[in-house]
Amino acid sequence: MTESTLNMGSTVAINKETLNQIISTLTEKGYLPIGPSIKDNVVSYGPIGSTDSLPKGFSSDQEKGFCRVKRGNHQRFFDVAPGPHGWKKYLFPPRTELFKAYRENGCWQETFENKETPRYALIGVRPCELAAIQIQDNVFIREDFTDPIYAKRRENLLIITVNCLHPSQTCFCTSMNTGPKADSGFDLSLTELDEAFLIEIGSDVGIAILKEVEWEPASAYLLQIAQQGLKDAANSMIRQIKSLDTVPEMLLSNLEHPYWSELGERCLSCTSCTLVCPTCFCWDVEDSTDLSGNNTQRDRIWDSCFNPAYSSQAGGNTRPTTKSRYRQWLTHKMGSWVQQFGSFGCVGCGLCITWCPAKIDITEEIKVLQEVTS
Amino acid sequence: MKETHTTLSSAVHEEHLLAPNWAEIKEIIHEAEDVATFWLEYSDEALVNNYSFGHGQYNMLYLPGYGEAAISISSDPEKPRLIGHTIRFVGNVTRAISRLQIGETIGIRGAFGTTWPIEEYKGHDIVLAAGGIGLAPLRPVIYHILNHREDYGRVVILYGARTPKDLLFRQEYFEWEKQGIEVMPTVDRADDNWEGQVGVVPMLFYHLRFDNEKTVVFSCGPEIMMRFVVFEGLARRISPERMYLSMERNMKCGQGFCGHCQLGPFFICKDGPVFRFDQLEPYFNLEDL
């Protein structure tokens, strides 16, 4: 075994069982390994101790407003496409205590909980999900402002991606240029074949982990299967957004098009899409106060642009209709996000399609909007 | 793309998200039935000395248990030790603030947002068009003009309120006029003693002749009012690049990462509240945007 081939950007092979060694190495290095498992008939992410809890042998079946996992005719760990629970909660928790405040003699003071920042190792991050993390990086870690909660967690984060060989029917990452292969931004990147994992090295931390486990050079045969698999995966994606570059302008110059009313009729304003969306970053703050009124805890919680209170202020609600909220959501994701943060707010994961109870399909709606506005 | 500048003062916690600094209420001036100016001073001496804000910026004022409200600073940026906030008691937070007494504390985060580019328009004529509480974020501009009167040409304040009793800062108009500022108030409903104009703010344009090449308009008030202020300005050939509006949305974080205050591509909290009209125009006055 020559260590000289463990370089940034190089690809090696490991046995399927070796993933367990990687997980225990991560634990030894002080990380909390997080990975997928099947819970309530969907994929859910949580702490894992070994490969035993991974969704081995499962495949996913997703369509508009439909999501099932099913036993597949294989023994692979990572065939199931993402479910409703994304990685977002590990960097941007749904509820975080910000501070406590107490009042003495009419004067308020605040106290901060001294919490250690967790060191998560995310195992099984899809290329689209990795792209979503990078998009949220641009929201929370900026030149003019940095969110300390997000930034500390992000700094500690280790990412092991899994390239997508079996996308679900609602995926359209090829349109958004985020998959099915992860190009950069990971520590290690797996491609799971029937006989072995290929591992691409993306960081020094990744090299350090691989040094602790058994690996071998990747054979031309395995590399070829992986390459073909990724090609087939890309070609299998039915859903597409065409002429992506022109979409922001198309949306933002047609904010008063009558088609938004039609969409507003179908949308239930239920917030599902924003909850499953890996890039949605909106949040609210909430105070919980005791009966004396002298002690308050202030929490940050996830919010959604579909909540009526989201756009309400003393003068009234500036987006009082479902139509206006859906328009905000779609034009933000696929339009104004580009001007705000330099990328689209959509990674093509298709989760908003899968989890919309009204079966609204963002790819179809963009297509219709392109037609009716042309 | 912005021409106005954001100056984040040292009073924003870097380490603890959304944590306010506490300030003591030093004075409360009742301005109208449901409006008062709260004069605040930081409890921390270092903050008192280092705090600064720009014309038209706002603070997030926090009352534990009630939450935060974005409140424009209505005092003179050249005197930042005591910070004036003119507050209308219309929401949950502001109504709770209305019940506070001198000596109690309020949390402050800020100052946030873009500023009125008053210093870029030295030598120009200035029209300030305000409605209701909208005069508050323009008062720092008035103070700037008073402090540097020789730097500006003609200055006109067009100001409308519901009734004469709702006109803010009335006791100061005399001082302003003494320095050659034309104050033109108007009300929706007059009372027995009212001898001024009755009607909406944009109507006041009919009484004025402007040198359109030299005039710049700063406006803050209800959107419908600002819409017609712009309309009257354009009708008098004041270019869109010379009209600035201060916008309002549901601002929460003040730094463009909680999402609430979006209007098209803008986060009103950091890309605004002050916008040059030509930049705002594509997203201004669209229904429910």
Task: Backbone of Q313(A) reached by a side-chain donor or acceptor of N250(B) within 3.5 Å - done: no
Task: Residue C305(A) versus chain B: region with a heavy atom under 4.5 Å - done: neither
- [ ] Could you tell me which portion of E223(B) (side chain, backbone, both or neither) has an atom closer than 4.5 angstrom to a non-hydrogen atom of chain A?
- [x] neither
Task: Within 6.0 angstrom of E262(A) CD, more than 12 heavy atoms from elsewhere - done: yes
Task: Pairwise distance OG1(T146(A)) to CZ(F257(B)) - rounded to 0.5 angstrom - done: 9.5 Å
Task: Heavy-atom closest pair, residues R319(A) and L289(B) - done: NE-O, 2.9 Å
TODO: Please indicate whether E281(B) has more than 12 foreign heavy atoms, meaning atoms of other residues, nucleotides or ligands, lying under 6.0 Å from its CD.
DONE: yes
Open item on the list: Let's test your reading of the structure: which of T96(A), T289(A), T318(A), N317(A) forms the most heavy-atom pairs below 4.5 Å with chain B?
Closed with: T318(A)
Task: Nearest non-hydrogen partners of C282(A) and G259(B), listed with the distance - done: SG-CA, 3.6 Å
TODO: Just give me the residue among H332(A), R298(A), Q328(A) that pairs up with chain B most often, heavy atom to heavy atom, under 4.5 Å.
DONE: R298(A)
Open item on the list: Does any backbone or side-chain atom of D284(A) lie under 4.5 Å from a heavy atom of chain B? Answer side chain, backbone, both or neither.
Closed with: both
Open item on the list: Please determine whether side-chain contact (heavy atoms from CB on, under 4.5 Å) holds for the pair E256(A) and L286(B), giving the CA-CA distance in whole Å, both sets of side-chain angles, and the decisive distance to 0.1 Å.
Closed with: CA-CA 7 Å; E256(A) 294 188 295; L286(B) 299 189; 3.4 Å; yes
Open item on the list: Tell me if the CD atom of E286(A) is crowded by more than 12 foreign heavy atoms within 6.0 Å.
Closed with: yes
Open item on the list: Among P222(B), A69(B), G256(B), P282(B), which residue has the highest count of heavy-atom pairs closer than 4.5 Å to chain A?
Closed with: G256(B)
Task: Structural part of E24(B) lying under 4.5 Å from a heavy atom of chain A - done: neither
TODO: For the residue pair F112(A) and E15(B), establish whether any side-chain heavy-atom pair is separated by less than 4.5 Å.
DONE: no
Open item on the list: Can you tell me if K165(B) has over 12 outside heavy atoms packed within less than 6.0 Å of its NZ?
Closed with: no
TODO: Heavy-atom distances under 4.5 Å only: say whether Q101(B) touches chain A with side chain, backbone, both or neither.
DONE: neither
TODO: Please report the shortest heavy-atom distance between W108(A) and T105(B), naming the atom on each side.
DONE: N-OG1, 2.7 Å
Open item on the list: Does any backbone or side-chain atom of C261(B) lie under 4.5 Å from a heavy atom of chain A? Answer side chain, backbone, both or neither.
Closed with: neither
Open item on the list: Is the shortest side-chain heavy-atom distance between Q262(B) and Q340(A) below 4.5 Å?
Closed with: yes
Open item on the list: Distance check, rounded to the nearest 0.5 Å: L255(A) atom CG versus D288(B) atom CG?
Closed with: 12.0 Å
Task: Heavy-atom contact with chain A under 4.5 Å, split by part of Y66(B) - done: backbone
Task: Point-to-point distance, once rounded to the nearest 0.5 Å, from CG of L18(B) to CG of L98(A) - done: 5.0 Å
Open item on the list: Could you report the tightest heavy-atom contact between F99(A) and P20(B), atom names first, then the distance?
Closed with: CZ-CD, 3.5 Å
- [ ] Measure the shortest side-chain to side-chain distance between K270(B) and D144(A) over non-hydrogen atoms and say whether it is less than 4.5 angstrom.
- [x] yes
Task: Y102(A), part contacting chain B, at a heavy-atom distance under 4.5 Å - done: neither
TODO: Check whether any side-chain heavy atom of V285(A) lies under 4.5 Å from a side-chain heavy atom of Y62(B), and answer yes or no.
DONE: no
Task: Part of F281(A) lying under 4.5 Å from any heavy atom of chain B - done: both
TODO: Considering only heavy atoms and a distance below 4.5 Å, find which of A70(B), G91(B), P64(B) pairs most often with chain A.
DONE: P64(B)
Task: Reported CZ-to-SG distance for the pair R300(A) and C253(B), which is rounded to 0.5 angstrom - done: 9.5 Å
Open item on the list: Once rounded to the nearest 0.5 Å, what's the spacing between atom CG of L263(B) and atom OG of S336(A)?
Closed with: 10.0 Å
- [ ] Rounded to the nearest 0.5 Å, what's the gap from CG on D271(B) to CD on Q339(A)? Could you check?
- [x] 8.5 Å
Task: When D147(A), T331(A), V139(A) are compared by non-hydrogen pairs under 4.5 Å with chain B, the top option - done: D147(A)
